[in-house]
Number of protein chains: 2
Amino acid sequence: MVEDDRLDGRQRRGRDTRAHIISAAMEQFCESGYRASSLRDIAARADITHPGVLYHFPTKEALLMAVLQRRDEQGRETRPVVGEMGRAALASMAAAAAHNETQRAMVELYAVLSAEATGPDHPAHAYFTERYERLHANVLEAYTVARDAGDLVDDVEPRVAAPQLIARIITAHLNTQLRVPLDAF
Amino acid sequence: MVEDDRLDGRQRRGRDTRAHIISAAMEQFCESGYRASSLRDIAARADITHPGVLYHFPTKEALLMAVLQRRDEQGRETRPVVGEMGRAALASMAAAAAHNETQRAMVELYAVLSAEATGPDHPAHAYFTERYERLHANVLEAYTVARDAGDLVDDVEPRVAAPQLIARIITAHLNTQLRVPLDAF
DNA sequence: GTCTATAAAGTGATAGAC
DNA sequence: GTCTATCACTTTATAGAC
């Protein structure tokens, strides 16, 4: 639940209701996905009414984007620095993956949302498509540089290895953290 | 799209509207998940109205179950036979995984639904939970029998290897088949 | 900045004609 | 077996009071 830091009963929180709404939305999207989460559900979690939410975020979609954006900001410090090369870039991706392990709620949210965003009409579709393409490009480049520097075992082909690395990290984390593991059978 | 086998314009299909509705629902659930798919969307795909759908399936939930059930029937022949042991059981799981590759739509549906069904109140939650538990138990037993028969490399621990195998198969397929790969970053 | 009240549209489901 | 019409409910979003 969203921790409750209002000073007393009447004057709710002097500052950042906004941050509380984002936390509440994160939890709700996590549990039910984006479409199945109503503004009323989210508002209730943040202890306000739904027009209260819409004062801070013009639309439900804007709220979703704010949630994704917060996650981007939180993850920034552990993300590989642009310009980092080969072996070093691969190493810092491993560090980022380890960091994700401590963020169960966010990983869950991403799992639910990225599956839901499979449809091209979903508000987060572009977000996830771009994100994956960028990630893939980065990993691919890191592998390529690492190979050219002689850091890779001989028969590792960057174009094959990149999606494999991404897939491995995704699985390892999702299936230890989801309440119901993703199931392809 | 659902193939269109009505004889001509007026008398729609002599038989199985039911099967067509299931196909249409499968496509729709695939694209948008369960909750975001309306009976009207599904009905339009099957070229009827939404009360027409509800004549064949009493509720939307019953329709979901019919979709999942069809998938169970289709997959039955490639599923490991009960009583198959160790190495043989592991081998037939590999065969089942290969078969899944030819069923892009179903795999996509499962990916979307199982993520959505993470919440305990989702109609398919129990379905996926039970399914995963049964799958895990089977794989675990197969590994255990294989080890006792001396078929495994020494330090392979069944209790560790089973979820790893499941995870690997899931990832490999999901991320080559989904329009937007699952993303944990 | 948050509320009550409400609008406009969509939802699953039912009743009854044909 | 499929339709039209409709019900009761929920949704996102807006208007206006405080």
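We name chains A, B, ... by the order of the sequence lines, and we start the count at 1 in each one. Bear in mind the structure is a predicted one, so any value in this text is a computation, not a measurement. Values below: all heavy atoms of this structure, side chains included; hydrogens, waters and symmetry mates excluded.
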Q: Identify every side-chain donor-acceptor pair in residues 56-65 of chain B under 3.5 Å, counting partners at least two apart or on other chains, and give the distances.
A:
from: B:T59; atom 1: OG1; to: B:E61; atom 2: N; distance (Å): 3.4
from: B:T59; atom 1: OG1; to: B:A62; atom 2: N; distance (Å): 3.0
from: B:K60; atom 1: NZ; to: B:Y34; atom 2: O; distance (Å): 3.0
from: B:K60; atom 1: NZ; to: B:S37; atom 2: O; distance (Å): 2.8

Q: In whole angstrom, what separates A:H56's NE2 from C:dC3's C1'?
A: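 From A:H56 NE2 to C:dC3 C1': 12 Å.
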
Q: Whether B:Y55 contacts D:dG1 is assessed here as follows: a side-chain N or O lying under 4.0 Å from the phosphate OP1 or OP2. Is that the case?
A: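 So the side-chain polar atoms of B:Y55 do come within 4.0 Å of the phosphate oxygens OP1 or OP2 of D:dG1, strictly under.
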
Q: Roughly how many Å is it from CG in B:L64 to P in C:dG12, rounded to a whole number?
A: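 Spelled out: CG on B:L64 to P on C:dG12 is 12 Å.
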
Q: With pairs defined as Watson-Crick or G-U wobble and both distances under 3.5 angstrom, please note down DNA chain C as a dot-bracket string, | for pairing with another strand.
A: ||||||||||||||||||

Q: Flag yes if B:V156 and B:V139 sit in one hydrophobic cluster, no otherwise; membership is Ile, Leu, Val, Met, Phe, Trp, Tyr, and two members link when side-chain heavy atoms are under 4.5 Å apart.
A: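 B:V156 clusters together with B:V139.
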
Q: B:Q28 has an atom CD; how far is it from atom P of C:dG12, in whole Å?
A: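 Atom CD in B:Q28 sits about 11 Å away from atom P in C:dG12.
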
Q: Of all residues at least two apart in sequence or in a different chain, which pass the side-chain contact (heavy atoms from CB on, under 4.5 Å) check with B:T49?
A: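 Applying side-chain contact (heavy atoms from CB on, under 4.5 Å) to B:T49 gives B:P51.
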
Q: So, taking the atom named OH in B:Y127 and the one named CD in B:Q69, what distance separates them when rounded to the nearest 0.5 Å?
A: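 Taking OH in B:Y127 and CD in B:Q69, the distance rounds to 9.0 Å.
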
Q: Between C:dT2 atom C1' and A:F57 atom CZ, what is the distance in whole Å?
A: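 These atoms are roughly 15 Å apart.
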
Q: List for me each residue that meets side-chain contact (heavy atoms from CB on, under 4.5 Å) alongside B:A19, sequence neighbours excluded, and say none if there are none.
A: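 Listed in chain order: B:D16, B:R70.
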
Q: Could you pull out all residues at least two apart from B:T144 that satisfy side-chain hydrogen bond (donor to acceptor under 3.5 Å, both in side chains)?
A: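 Testing B:T144 for side-chain hydrogen bond (donor to acceptor under 3.5 Å, both in side chains), a comparison that skips the adjacent residues, returns none.
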
Q: With sequence neighbours excluded, tell me which residues meet side-chain contact (heavy atoms from CB on, under 4.5 Å) with B:E157.
A: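 Partners of B:E157 under the side-chain contact (heavy atoms from CB on, under 4.5 Å) test: B:R147, B:R159, B:V160.
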
Q: Is A:T17 near enough to C:dT2 that one of its side-chain N or O atoms lies under 4.0 angstrom from OP1 or OP2?
A: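 Checking A:T17 against C:dT2: at least one side-chain N or O falls below 4.0 Å of OP1 or OP2.
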
Q: Hey, could you give me the CD/CG distance between B:Q28 and B:L39, rounded to the nearest 0.5 Å?
A: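 Result: 10.5 Å between the selected atoms.
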
Q: To the nearest angstrom, how far is B:R18 atom CZ from D:dT2 atom C1'?
A: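 Going from B:R18 (CZ) to D:dT2 (C1'), I get 16 Å.
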
Q: Could you write out each protein N or O paired with an N or O of nucleotides 11-14 of chain D at a distance under 3.5 Å?
A:
from: D:dT12; atom 1: OP1; to: A:S37; atom 2: O; distance (Å): 3.4
from: D:dT12; atom 1: OP1; to: A:K60; atom 2: NZ; distance (Å): 3.1
from: D:dT12; atom 1: OP2; to: A:L39; atom 2: N; distance (Å): 3.0
from: D:dA13; atom 1: OP2; to: A:K60; atom 2: N; distance (Å): 2.8
from: D:dA13; atom 1: N7; to: A:H50; atom 2: NE2; distance (Å): 3.2
from: D:dA13; atom 1: N6; to: A:H50; atom 2: NE2; distance (Å): 2.5

